[in-house]
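Both counts, for ligands and for their atoms, begin at 1 and track the order of listing. Since the model is a prediction, treat every value here as computed from it, not as a measurement. Position 1 is the first residue of the sequence, and the numbers go up from there.
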Amino acid sequence: MKLAILGCSQLVTLSGPNRPRTGVEMRDLAIVQNGAMLIEEGRIQHIGTRSEIEALIEKDCDVVDAGNRVVMPGFVDAHTHPVFAGNRANEFEQRTSGASYPEIAAAGGGIRSTVRQTRAATEDALLDSTAKYVQWFLRNGTTAIEAKSGYGLTPDQEYKMLRVIGRIQPLRCVPTFLGAHEIPDEFRGRAHEYADVVINEMLPEVAAKKLAVYCDIFCEPGIFNLDESRRILSAARALGLGLRMHADQLSKSGAAELAAELGAATADHLEHTDASGIAALHAAGVQPVLLPGSVYALGSTRYPNARAMIQAGLAVVLATDFNPGSSPTPSVPMILSLACTQMKMTPAEAITASTINAAWSVGRGHDIGSLEPGKLADFVIHDCADYREIAYFFGVEPAHAVYIEGRRVL
Ligand code: NIG
Ligand code: FE
């Protein structure tokens with residue numbers, strides 16, 4: 001089965017070196033003006049100008065005219081919590097009246113409130129609610145997500161969440177085990193004992209059954225401190241899982257340095273990370289995953305220092321952090337707007353951060369994140385003629401058509 005895509009005002013390929021992009025490379029989107037591509041069996045065969053691709057079209061080939069629109073790789077959302085029951089609109093309202101996210105959490109709300117609701121839901125009910133969010137991701141031009149557990153916090157409840165993540169479709173999905181997201185109600189004041197359950201029961205089962213590719217943790221004073229985080233993540237690494245961390249989100253605790261020490265794939269959030277943390281991430285090749293949606297939705301103005309990170313040579317990633325508490329948005333275009341207006345990234349840097357760099361950060365840089373011969377045909381036709389419009393207009397859903405492995409899914 002062959003498919004030709006013609007009539008791209010800009011074919012934003014992001015082709016380039018076979019690794020994450022850093023420094024000035026992040027501004028180079030390798031655009032083919034009036035571009036076109038040929039796809040066979042779900043993979044990209046040729047990229048070129050319209051006339052070059054037209055010359056290759058045979059009788060049995062489907063042809064789609066993009067109508068002078070931008071065509072680019074689907075967004076890879078490298079940090080999401082898409083499986084949960086209920087929502088926290090009540091806490092959202094409380095925050096408008098002055099209650100803070102940590103205060104609400106300390107009073108038993110926050111993550112633990114979503115845990116109570118998620119535990120009470122069946123696997124099928126969770127898959128149903130997640131299916132609605134999957135449509136939201138697709139409508140915003142996302143074709144792959146990293147998806148975390150972390151609202152179960154018992155062995156069986158965490159496995160239930162990971163099974164739901166395993167059933168997500170048609171989005172491509174990279175599963176992450178986040179059993180250390182919070183101290184559950186029944187272990188309050190006994191973080192060490194809960195960490196023992198994560199290490200001795202959950203991690204061996206997650207690894208043996210291959211329920212996740214990565215292990216994540218909420219490393220924050222009062223949740224999992226540096227010592228507990230090191231213990232849990234070292235155990236995960238010994239079982240062959242890659243590492244990610246919620247690091248320096250609400251305070252500077254040395255979490256970025258711990259991510260570097262452990263050779264984590266990513267350190268995420270980093271709102272409070274300073275120059276020494278950035279230097280440590282650079283020396284260890286850890287990718288920063290920046291989540292401006294959570295800063296915005298919590299009413300803060302303390303965005304992570306993206307400019308310093310790009311300057312230092314870090315392969316910056318942007319993601320939504322979609323979750324029912326700190327960041328209830330599935331929209332990468334909204335994140336691009338925040339990255340440009342609040343963090344002074346250029347539109348090109350923001351697109352690199354949410355496609356090819358994001359793909360490398362979830363271990364999939366070899367087959368998604370850019371449009372190059374041999375890669376999977378995961379791409380989006382956006383309803384604009386210039387890629388900068390995707391970050392410039394906000395509050396709209398720019399995706400006109402979404403393809404995964406050459407098949408139209410939206
Ligand atoms: O990335 N900080 C911890 N985890 C999420 C929030 C999850 C929630 O509030 O339900 C985050 O911000
Ligand atoms: Fe998160």
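Classified by interplanar angle (parallel below 30°, tilted 30° to 60°, perpendicular above 60°), the ring pair Tyr151/His81 is tilted. Between His79 and His269, the angle of the ring planes goes over 60°, which puts this pair in the perpendicular group of the 30/60° scheme.
In this structure the side chain of Ile165 reaches within 4.5 angstrom of the side chain of Cys173, judged on heavy atoms. In this structure the side chain of Pro184 reaches within 4.5 angstrom of the side chain of Arg119, judged on heavy atoms. Side-chain contact between Thr266 and Glu146 is absent, with no heavy-atom pair separated by less than 4.5 Å.
With sequence neighbours left out, the side-chain hydrogen bond (donor to acceptor under 3.5 Å, both in side chains) criterion links Glu182 to Arg188. For Arg27, the side-chain hydrogen bond (donor to acceptor under 3.5 Å, both in side chains) criterion is met by Glu349, not counting sequence neighbours.
Ion pair Arg167/Asp124 flagged as a salt bridge, since at least one NZ, NE, NH1 or NH2 atom sits closer than 4.0 Å to an Asp/Glu carboxylate oxygen.
Protein N/O/S atoms found under 2.8 Å from the Fe ion (ligand 2), listed by chain and residue number: His79 NE2, His81 NE2, His246 NE2, Asp321 OD1.
With hydrogens and angles ignored, the 3.5 Å screen pairs a side-chain donor or acceptor of Glu158 with a backbone N or O of Gly150.
A distance limit of 4.0 angstrom between heavy atoms and ligand 1 selects the residues His79, His81, Arg88, Tyr101, Ile111, Tyr151, His181, Phe218, His246, Gln249, His269, Asp321, Asn323, Gly325, Ser326.
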